[in-house]
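What follows is a single structure, and I will ask about it in a moment.
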Amino acid sequence: MPSILELITELAVFENDPSAVVITVGDLERDGFGNTPLFQTFVAEADGKIVGMALYYFRYSTWKGKTIHLEDLIVTEKFRNTGIGKQLYRAVIGQGQSENVRRIEWNVLNWNQSAIDFYVRSGAIVKDDWLVVQMDEFGINNYLSVNPQPNIDF
């Protein structure tokens, strides 16, 4: 997991948001290898070192059923354009097929044109009519502090 965290940090730098990574090796070990793993990874090795990874997890769509969300696909800069990224991408898609998922989805930054072009060439559909919505820890805490739990029985 230290190598995975290095790749995650490298991706955050590439995406111009290096301070956003707060996860630790311990978090990755607990969440990936506990009783109920929250994610799975494919890794690529070269020269005895992990140089790329694809981290994904299963989701459920009310329209499609079981799906895969590809959270990150990263190849360290030295090994980009060697085909490693394409092999990791294929591994995730193959996993989706073997798991009989009806959709594999991921996010791509709108300025990452080379990735967008690759995805389109591969047959993926890049949707421009959906917006990503997120709430960070501050937003979660703030929302709950100003919107207390109502007295409703569920």
For this session: Find out whether Glu105 and Lys64 are in side-chain contact, i.e. whether some heavy atom of one side chain is under 4.5 Å from a heavy atom of the other.
Result: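 Sidechains of Lys64 and Glu105: no contact.
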Exercise. Backbone N or O of Thr24 within a donor-acceptor pair of the Asp27 side chain at under 3.5 Å?
Worked result: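 Yes, Asp27 side chain to Thr24 backbone: donor-acceptor pair under 3.5 Å.
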Exercise. So, for Arg80 and Val75, which heavy atoms are closest and what is the spacing to 0.1 Å?
Worked result: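 Arg80 and Val75 have their closest heavy atoms at NE-O, 2.7 Å.
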For this session: Count the heavy atoms belonging to other residues, nucleotides or ligands that lie under 6.0 Å from CD1 of Ile140, then report whether that count exceeds 12.
Result: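 It does: Ile140 CD1 has more than 12 such atoms within range.
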Exercise. Hey, what do you get for CG (Leu11) to CG (Asp17), rounding to the nearest 0.5 Å?
Worked result: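 Nearest 0.5 Å value for the CG-CG distance: 10.0 Å.
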Exercise. When rounded to the nearest 0.5 angstrom, what is the spacing between CG in Asn107 and CG in Asn112?
Worked result: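 Output value for this atom pair is 12.0 Å.
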Exercise. In Å and rounded to the nearest 0.5 Å, what is the CD1 to CG distance from Ile23 to Asp31?
Worked result: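 Nearest 0.5 Å value for the CD1-CG distance: 6.0 Å.
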Exercise. Mind checking what makes side-chain hydrogen bond (donor to acceptor under 3.5 Å, both in side chains) contact with Lys66, not counting sequence neighbours?
Worked result: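 So Lys66 forms a side-chain hydrogen bond (donor to acceptor under 3.5 Å, both in side chains) with Glu99.
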Exercise. With under 30° as parallel and over 60° as perpendicular, where do the rings of Tyr56 and Phe42 fit, or are they tilted in between?
Worked result: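 Plane angle under 30°, so parallel.
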Problem set entry | Expected output: side-chain Glu10 to main-chain Glu77 donor-acceptor under 3.5 Å |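 The answer is yes, because a donor-acceptor pair under 3.5 Å joins these two groups.
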Problem set entry | Heavy-atom neighbours of Asn35 CG exceed 12 at 6.0 Å |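 Counting other residues, nucleotides and ligands, CG of Asn35 stays at 12 neighbours or fewer.
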For this session: Looking only at non-hydrogen atoms, find the nearest pair between Ala54 and Val92 and report the distance.
Result: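 Looks like CB-CG2, 3.6 Å.
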Exercise. Is any side-chain heavy atom of Asn110 closer than 4.5 Å to a side-chain heavy atom of Asp128?
Worked result: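 SC-SC contact between Asn110 and Asp128 ruled out.
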Exercise. Say you draw a straight line from CD1 of Ile116 to CZ of Arg121; how long is it, rounded to the nearest 0.5 Å?
Worked result: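 Answer for the CD1-CZ pair, Ile116 versus Arg121, is 11.5 Å.
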Exercise. Using the ring of each side chain (for Trp, its six-membered ring), is Tyr89 parallel, tilted or perpendicular to Phe118, with breaks at 30° and 60°?
Worked result: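 If you compare the ring of Tyr89 with that of Phe118, the planes turn out perpendicular.
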Exercise. Does any non-hydrogen side-chain atom of Trp111 lie less than 4.5 Å from one of Asn16?
Worked result: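 Yes. Closest side-chain heavy atoms under 4.5 Å.
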Problem set entry | CA sep, side-chain torsions, deciding dist, call: Leu55, Leu7, side-chain contact (heavy atoms from CB on, under 4.5 Å) | CA-CA 11 Å; Leu55 188 145; Leu7 287 167; over 6 Å; no
Exercise. Mind checking whether Ser61 and Arg103 have side chains closer than 4.5 Å, heavy atoms only?
Worked result: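 Side-chain contact under 4.5 Å: yes.
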Exercise. Considering residues, nucleotides and ligands other than Arg30, do more than 12 of their heavy atoms fall under 6.0 Å from its CZ?
Worked result: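 Counting other residues, nucleotides and ligands, CZ of Arg30 exceeds 12 neighbours.
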Exercise. Does one hydrophobic cluster hold both Leu70 and Val21, with members joined at side-chain heavy-atom distances below 4.5 Å?
Worked result: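 The answer is no; the residues belong to distinct hydrophobic clusters.
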Exercise. Should Ile68 and Tyr57 count as side-chain neighbours, where that means a heavy-atom distance under 4.5 Å?
Worked result: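 Ile68 does not reach Tyr57 side chain to side chain.
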For this session: Would you check if Thr82 and Val51 make a side-chain contact, meaning some heavy-atom pair closer than 4.5 Å?
Result: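 In short, these two side chains do not touch, never coming nearer than 4.5 Å.
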Problem set entry | Sequence-distant partners of Glu29, side chain to side chain contact (heavy atoms under 4.5 Å, CB included), two or more places apart |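 Applying side chain to side chain contact (heavy atoms under 4.5 Å, CB included) to Glu29 gives Met1, Val25.
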For this session: To the nearest 0.5 Å, tell me how far Met135 CE sits from Asn141 CG.
Result: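 That separation rounds to 10.5 Å.
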Exercise. Is a side-chain N or O of Asp136 found less than 3.5 angstrom from the main chain of Phe138, in a donor-acceptor match?
Worked result: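 Checked: pair present.
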Problem set entry | Spacing of Glu6 atom CD and Ile74 atom CD1 [to the nearest 0.5 Å] |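 Interatomic distance, Glu6 CD to Ile74 CD1, rounded to 0.5 Å: 12.0 Å.
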For this session: Verify whether one side chain among Gln113 and Asp117 offers a donor that lies under 3.5 Å from an acceptor in the other.
Result: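 Yes, Asp117 and Gln113 have a side-chain donor paired with an acceptor closer than 3.5 Å.
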